[in-house]
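To start, the structure under review is shown below, and the notes come after it.
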Amino acid sequence: MSSLYRSPLRVYLCLGLLALFGIYAGLKLPVSMFPNSSKPTVMVIVPYSSLAPDEFAKVYGSLIENRLRSLRDNTIRIETIETSYNAGEAQFKVIFDWGVEQKRALKEVETSVFGLSGQF
């Protein structure tokens, strides 16, 4: 064993082999072993055909944004809401905070937006 430590080249080779084995073993891990690596994000797309983007933003856009912002409670935390009004559709991207369950976030956004569909 002491002959291994006398030559620095042998030490570097052993460390290199251990590093390669670690990389190989890490690539063979199943995906279920990794934690959530992204924040839950829900995209809501609302088409509008006859309205101008500015008009839709004034009448319905603020209503949708306020309803989405009101989802905050003890278990659901919204980090940001990004809104863009393109030709023919409005996109609302709701980015939730870490630790929010993905299925619950989707359910809450769907319930909120479907509740507004009667007003359209």
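Thr111 places a side-chain N or O within donor-acceptor distance of the main-chain N or O of Lys107, the cut-off being under 3.5 Å. Formation of a donor-acceptor pair under 3.5 Å by the Arg67 side chain with backbone atoms of Ser62 is not found in this model.
Between Ile78 and Asp97, every side-chain heavy-atom pair lies at or beyond the 4.5 Å cut-off.
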Next on the checklist: Run the side-chain contact (heavy atoms from CB on, under 4.5 Å) test on Val46 and Val44 for me, step by step, so that the C-alpha distance in whole Å, both residues' side-chain angles and the decisive distance to 0.1 Å come before the verdict.
Outcome noted: CA-CA 7 Å; Val46 180; Val44 178; 4.0 Å; yes
Checklist entry - Phe96 and Lys39: side-chain contact (heavy atoms from CB on, under 4.5 Å), yes or no, with the steps? => result CA-CA 6 Å; Phe96 292 89; Lys39 297 177 184 177; 5.8 Å; no
Next on the checklist: Evaluate Val113 against Leu68 for side-chain contact (heavy atoms from CB on, under 4.5 Å), listing each step before the verdict.
Outcome noted: CA-CA 8 Å; Val113 172; Leu68 290 174; 4.1 Å; yes
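Closest of all the heavy-atom pairs between Tyr48 and Asn86 is OH-O, 2.7 Å. Heavy-atom minimum distance, Tyr85 versus Gly61: OH-CA, 3.2 Å. The two residues Ile45 and Gln91 have their closest heavy-atom pair at CG1-CG, 4.0 Å. For the residue pair Ile81 and Glu65, the shortest heavy atom distance occurs at CD1-O, 4.3 Å. The two residues Val59 and Leu63 have their closest heavy-atom pair at O-CB, 4.2 Å.
To the nearest 0.5 angstrom, Glu101 atom CD is 8.5 Å from Ile76 atom CD1. A distance of 13.0 Å separates CG of Leu106 from CE of Met43, quoted to the nearest 0.5 Å.
Grouping the Ile, Leu, Val, Met, Phe, Trp and Tyr side chains by contacts below 4.5 angstrom, directly or via other members, places Ile95 apart from Val42.
For residues 54-63, no pair satisfies salt bridge (charged side-chain N to carboxylate O under 4.0 Å, His left out), with sequence neighbours left out.
Screening Arg104, Gln102, Glu79 for a side chain to side chain contact (heavy atoms under 4.5 Å, CB included) with Pro40, the sole residue that qualifies is Gln102.
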